[in-house]
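Below is one structure, written out as structure tokens; the observations come after it.
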Amino acid sequence: MMRATFLGAAALTALATLVLSACTNAVKPPFDEGVCYYVVPDPEGEDGLRYNVVGRDLPQLETCFAELEKMRVGFLRLGGNRREIMGAYNGQFIFIDATGISVSRTLDGGRFFSMARTGDGRLAVPGAIVRDETGAPIAVAAPPDDAPTTP
């Protein structure tokens with residue numbers, strides 16, 4: 001009985017070590033304070049990625065979102081076809097696609113949905129978007145009826 005308990009504990013320890021080693025091998029972005037990167041796949045780059053500086057001394061994550069979205073739209077206007085791009089800011093990956101913007105601490109980790117696209121393609125905080133009965137975005141919500149008015 002004691003031998004079975006020991007083997008079970010050893011197996012659990014081995015499994016925990018394997019899981020933790022998988023987490024430590026996850027691709028993580030650089031942590032350069034205030035630097036926004038456009039990230040592209042590059043087989044010869046570090047971790048298979050190349051980091052191109054888009055902006056420096058940016059005060060917050062949302063400012064990096066704006067810089068990356070401006071760059072993405074600029075490329076599309078010039079005839080580009082990449083609608084999904086990836087960036088990085090302060091140790092977080094940024095993913096911009098047709099649904100909006102999400103962030104993650106690792107390349108393959110879980111993503112936190114940060115901004116959503118409105119019906120006309122603009123970006124807004126998810127709670128501010130009005131949706132129709134199918135769940136499709138219509139527009140940004142109007143101010144509440146009891147909002148203060150300016151004199």
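This chain uses plain numbering: 1 for the first residue, then up along the sequence. Since we're looking at a predicted model, the values are computed, not measured.
Tracing side-chain contacts under 4.5 Å through hydrophobic residues (I, L, V, M, F, W, Y), one never reaches V73 starting from V40; they form parts of separate clusters.
For the pair Y51 and P29, the tightest heavy-atom approach, listed with the atom from each and the gap, is OH-CA, 3.9 Å. Of all the heavy atoms in G80 and L76, the pair that sits closest is O-CD2, 3.4 Å. For F31 against G91, the heavy-atom pair with the smallest separation is CD1-N, 3.5 Å. Between F95 and L107, the closest heavy-atom pair is CZ-O, 3.8 Å. Taking all atoms of both residues into account, the shortest heavy-atom contact from A26 to T106 is CB-CG2, 3.7 Å.
Applying the salt bridge (Lys or Arg N to Asp or Glu O under 4.0 Å) criterion to E69, with sequence neighbours excluded, gives R72, R117. Legend: residues meeting side-chain contact (heavy atoms from CB on, under 4.5 Å) with M71, ordered by chain and number and at least two apart, are Y38, V54, L68, F75, I85. Taking D32 as the reference, Y37 meet the side chain to side chain donor-acceptor pair (under 3.5 Å) condition, with sequence neighbours excluded. Here R56 pairs with V35, V53 under the side-chain contact (heavy atoms from CB on, under 4.5 Å) rule; sequence neighbours left out.
Rounded to the nearest 0.5 angstrom, I101 CD1 and E62 CD are separated by 9.0 Å. The structure places CD of E33 at 9.5 Å from CG of D57, a figure rounded to the nearest 0.5 Å. One finds the OG atom of S102 at 10.0 Å from the CZ atom of F112 (value rounded to the nearest 0.5 Å). Rounding to the nearest 0.5 Å gives a distance of 10.0 Å between CG of L61 and CE of M115.
Residue pairs meeting the disulfide bond (SG atoms under 2.5 Å apart) criterion with at least one partner in residues 74-107, sequence neighbours excluded, are absent. Under the disulfide bond (SG atoms under 2.5 Å apart) criterion, the residue pairs touching residues 28-71 are C36-C64, with sequence neighbours excluded. Screening residues 89-98 for side chain to side chain donor-acceptor pair (under 3.5 Å), with sequence neighbours left out, gives D97-T99.
Within the 4.5 Å cutoff, the side chain of D108 has no heavy atoms near those of the V27 side chain.
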